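What follows is a short report on a single structure.
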Amino acid sequence: MLEKNYSQHTVTAYSHDIAFFESFLSSQFDDNNLISVNYNQIRAWIVSLSDDGISNTSINRKISSLKSFYKFLLKTKQIEASPLLKHKALKAPKKLQIPFSEKELDLVLNQLNYSEDYEGVRDKLIIDLFYTTGIRRAELVNLKIHNVDLSNLTMKVLGKRNKERIIPILPIIAEELKKYLSERARLQSVTDSAYFFLLSNGVKLNDSFVYRLINYYFSNVSEKVKKSPHILRHTFATHLLNNGADINSVKELLGHSSLASTQVYTHNSLAELKKVYANAHPRNKK
């Protein structure tokens with residue numbers, strides 16, 4: 001898993017799933033030898049998880065962990081065939097990611113009062129950067145200061161599987177970046193100087209801090225259940241598509257490896273397209 005450059009979060013989750021399965025084998029079959037497992041044992045685990053109220057989506061993720069593990073065993077020739085060779089994923093409802101509206105973004109960015117100190121300038125910039133670039137939370141947290149090029153209005157981020165991409169920066173965001181850097185230079189103590197975004201004590205941001213920040217500010221303007229950095233990334237893509245952006249361009253901006261990953265954002269733009277179509281077509285006016 002490390003060879004595939006999975007994030008530490010993914011590696012931890014996979015390890016936990018495999019350990020959980022190993023514990024199940026030990027308790028139910030009195031044998032925790034993962035190499036000699038057969039599909040019936042895995043199926044028994046699936047039934048057990050379902051009986052415990054685990055959702056099909058979560059079960060599929062756990063089985064995905066096992067699949068990766070047995071692919072590794074195949075690659076290293078510790079087994080001759082995967083016990084999951086003929087397994088089919090359980091049917092799971094598609095998650096509907098509801099983006100923020102343009103009005104909600106306007107309220108957050110232009111109507112809320114941010115303090116003029118370091119924290120206020122930083123917080124507003126983080127929200128604006130998510131919305132105008134579509135970067136992932138991990139990409140923002142790990143953004144290096146030397147990868148922000150204000151002269152060329154670009155920044156380089158390190159995405160999934162260590163894949164680098166260049167993202168354009170809007171001129172209005174460049175001004176915010178300069179303001180932030182000016183405030184950053186006034187910090188009394190900086191430990192993680194290589195990183196662009198820092199806590200007020202000079203240490204780099206962490207994932208939970210960024211999640212809480214987004215949730216806090218959007219709770220002031222939105223009643224949506226989910227208010228997270230990923231919803232802002234989703235909003236970025238949806239608003240671009242709604243305003244006529246080419247889906248392949250959005251794919252490149254998001255850093256998706258395949259168009260299929262980007263197409264999940266098109267259901268909202270299709271709804272907008274239907275509205276425009278219904279209002280504009282002469283046949284609908286009769």
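Small disclaimer: the values here were computed from a predicted structure and weren't measured. Values reported hereafter were calculated over all heavy atoms of this structure, with side chains retained and with hydrogens, waters and symmetry mates removed. For the single chain, residues carry numbers from 1 onward in sequence order.
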Tell me, with the steps shown, if N248 and L259 meet side chain to side chain contact (heavy atoms under 4.5 Å, CB included).
-> CA-CA 7 Å; N248 282 296; L259 197 58; 3.7 Å; yes
Identify the two heavy atoms, one from I59 and one from S50, that lie closest to each other, and give their separation to 0.1 Å.
-> CD1-N, 3.8 Å
Non-hydrogen atoms of P168 and L253 that approach each other most closely | CD-CD2, 3.7 Å
For N206 and L199, work out which heavy atoms get closest and say how close.
-> ND2-CD1, 4.5 Å
Pairwise side-chain contact, L107 with L112, heavy-atom cut-off 4.5 Å (strictly under) | no
Side-chain donor/acceptor pairs under 3.5 Å, residues 186-198, sequence neighbours excluded:
unit_1: R186; atom_1: NH1; unit_2: E183; atom_2: OE2; d: 3.1
unit_1: D192; atom_1: OD2; unit_2: K204; atom_2: N; d: 2.8

Do you know the tightest heavy-atom contact between S26 and N32?
-> CB-CB, 4.0 Å
When every non-hydrogen atom of S219 is compared with those of K227, the smallest separation belongs to OG-CE, 3.2 Å
Sub-4.5 Å side-chain heavy-atom contact between V108 and Y131 = no
Mind running side chain to side chain contact (heavy atoms under 4.5 Å, CB included) on M155 and L129 for me, showing each step along the way?
-> CA-CA 11 Å; M155 65 180 188; L129 209 58; 4.2 Å; yes
Short question: side chain of T235, backbone of I231 - any donor-acceptor pair under 3.5 Å?
-> yes
Any donor-acceptor pair under 3.5 Å linking the side chain of H239 with the backbone of F100?
-> yes
Could you go step by step and tell me if E176 and K179 meet the salt bridge (charged side-chain N to carboxylate O under 4.0 Å, His left out) rule?
-> CA-CA 5 Å; E176 285 192 49; K179 185 177 180 181; over 6 Å; no
Using the side chain to side chain contact (heavy atoms under 4.5 Å, CB included) rule, take F218 and L105 through it: C-alpha gap first, then chi angles, then the decisive distance, then the call.
-> CA-CA 9 Å; F218 278 90; L105 262 302; 4.0 Å; yes
Pick one: which of E252, H256, K251 meets side chain to side chain donor-acceptor pair (under 3.5 Å) with T262?
-> H256
Considering non-hydrogen atoms only, spot the tightest contact between G134 and F236 and give its length.
-> CA-CD2, 3.4 Å
May I ask you to test the D17-I63 pair for a side-chain heavy-atom distance under 4.5 Å?
-> no
Indicate the ring-plane relationship of F24 and F21, choosing parallel, tilted or perpendicular according to the 30° and 60° boundaries.
-> parallel
So, the side chain of N56 versus the backbone of K91: is there a donor-acceptor pair under 3.5 Å, distance only?
-> yes
side-chain contact (heavy atoms from CB on, under 4.5 Å) test vs I169 passes for just one of T154, L177, D149, namely L177
